[in-house]
Amino acid sequence: MKKLITFALALIMTLALSVPAFAEDTTIKQDSESNQGKTTVTYEVGESYTVVIPESVTLGDEFTVKCTEYNLEPDYGVYAAIKGLNDNAKVVLSRKDDTDYKITADLSVNLGATADWQKLTSDDSLVFTLAADIPGIAPIEGFDNSYTFKVENAASPDSNPIKAGSYSGTVTFEIGYAKIS
Amino acid sequence: MQKYLKAGFIRCFLNRNEIRMHNPMKKILAAALVLVLCLSLSVTAFAVSTQINQNTTDKTGDLTVTANIAPTYIVTIPAEATATYGTEKNDLGNIVYNGGNLEPGAKVKVELTAKGDFINTKNADAKIPYVIKSGENVFTDTEFPEGTEANTEVPLAMQITTEDWNKAQSGEYKATLTFTVSYIAPASNP
């Protein structure tokens, strides 16, 4: 009885063992059907990119958001999504020492070599693709992986002239890496 | 010979000691100089951009937008006024704050910076003393802080006592008052 139980336990333990299955090496002998063995080599290169966002800008001046270098997987891109605007896609600036008083300003983007400025509205996409790797599609000529913007046309919150003082506001750029659909 | 040898050795030894003593001192001095140089270097601080790459944990960068709206104001100073002989309080007109757009905490200051003698035009020795007043107070300056209503007036008067009038030599008298207008910016916050 004891021997029976011991044998059963050993059998159970043997069956419970999990053994990792490795790819088998090819062994070739003089009488092997094939004298060839294949070795599969794999190597992974992770994506890399760097996006530079300026720290500050004065109303009316231009600024650029740029992807300075990138190495992407096929069909993937690096984008910058603009956050922090109000519902009308305007930049909000608060008055120093009187922060309840706020003005708004337009955020415009330069879309081409002709220095065409487009004022962003709530209907526009606020996502800008800075770099992409699309097999078979060459990069857009003249595009240097950057977008130039400017904040301009400050507007008073009421019918009165804008109050004198120093103002500041924030535009946030959120950088993402995603498959381009 | 041995003595000389010993003497020679001692001198060398002493020299080596001296050298050993000098070297640490030189090193200390050199280190101190380098430290002083490093501390005295002024480094220009440039605005730092945000760099985001594939390994950056927080992939957001904030851009600060700044703007400055310059203050404006208009103040009117009376150009001329006439004093009447024997009148103690002669109306000179009003300093008028016509309006302005000032920064929070700022103010416009109007100061009487020069008060010329009320002097006889034909006799420089003949002068009539006077005081410039606004209401019951001697006027030296007035301030219009942000929020002051447009067309706020500050009355001015030339006060001459009856006694001084009676002492005055006859003739035409003239005085020039100079008012200086300045913008007092708000105190900077830390």
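Only heavy atoms go into these numbers, but all of them, side chains included; no hydrogens, no water, no symmetry mates. Throughout, protein chains are lettered first and strands after them, A, B, ... in sequence-line order, and every chain is numbered starting at 1.
The contact between A:Leu93 and chain B is made entirely by side chain atoms (from C-beta outward), counting heavy-atom distances below 4.5 Å. A:Tyr177 does not touch chain B: none of its heavy atoms, backbone or side chain, sits under 4.5 Å away. Heavy atoms closer than 4.5 Å to chain B are found in both the backbone and the side chain of A:Val52. Heavy atoms of B:Leu102 lying under 4.5 Å from chain A belong exclusively to its backbone. Interface residue A:Phe63: only side-chain heavy atoms are found under 4.5 Å from chain B.
In this structure, A:Leu59 CG and B:Ile69 CD1 are separated by 7.0 Å, a value rounded to the nearest 0.5 Å. To the nearest 0.5 Å, atom CG of residue A:Asp97 and atom CD of residue B:Glu103 are 9.0 Å apart.
Neither side chain, A:Thr50 nor B:Asn53, offers a donor N or O lying under 3.5 Å from an acceptor on the other. In summary, the side chains of B:Asp62 and A:Thr170 do not present any donor paired with an acceptor at a separation below 3.5 Å, with no hydrogens or angles considered.
The cluster map of Ile, Leu, Val, Met, Phe, Trp and Tyr, joined by side-chain heavy atoms under 4.5 Å apart, puts B:Leu112 and B:Ile119 in different clusters. Residues B:Val96 and B:Val108 do not share a hydrophobic cluster, defined by chaining ILVMFWY side chains whose heavy atoms lie under 4.5 Å apart. Residues B:Ile74 and B:Val181 do not share a hydrophobic cluster, clusters being chains of Ile/Leu/Val/Met/Phe/Trp/Tyr side chains in contact below 4.5 Å. A:Tyr79 and A:Val109 fall into different hydrophobic clusters, where Ile, Leu, Val, Met, Phe, Trp and Tyr are joined by side-chain heavy atoms under 4.5 Å apart, directly or via other members. Residues B:Tyr85 and B:Phe118 fall within the same hydrophobic cluster, defined by Ile, Leu, Val, Met, Phe, Trp and Tyr side chains chained together at heavy-atom separations under 4.5 Å.
Between B:Leu63 and A:Val57 the shortest side-chain heavy-atom distance falls below 4.5 Å. Counting heavy atoms from C-beta on, the side chains of A:Phe173 and B:Thr60 never come closer than 4.5 Å. Side-chain contact between A:Ser48 and B:Gln54 is present, with heavy atoms from C-beta onward closer than 4.5 Å. Residues A:Ser166 and B:Thr66 have side chains not in contact (no heavy-atom distance under 4.5 Å, counting atoms from C-beta outward).
With hydrogens and angles ignored, the 3.5 Å screen pairs no side-chain donor or acceptor of B:Asn101 with any backbone N or O of A:Pro161.
Summarising the geometry of B:Pro71 relative to A:Ala164, their closest heavy-atom pair is CA-CB, 3.6 Å, with the distance given to 0.1 Å. Nearest heavy atom pair, residue B:Val48 against residue A:Glu55, reads O-CB, 3.0 Å. Of all heavy-atom pairs between B:Pro104 and A:Lys96, the closest is CG-O, 3.4 Å.
Counting non-hydrogen atoms of neighbouring residues, nucleotides and ligands closer than 6.0 angstrom, the NZ atom of A:Lys150 exceeds 12 such neighbours. Taking a 6.0 Å sphere around CG of A:Asp31, one finds it holds more than 12 heavy atoms contributed by other residues, nucleotides or ligands.
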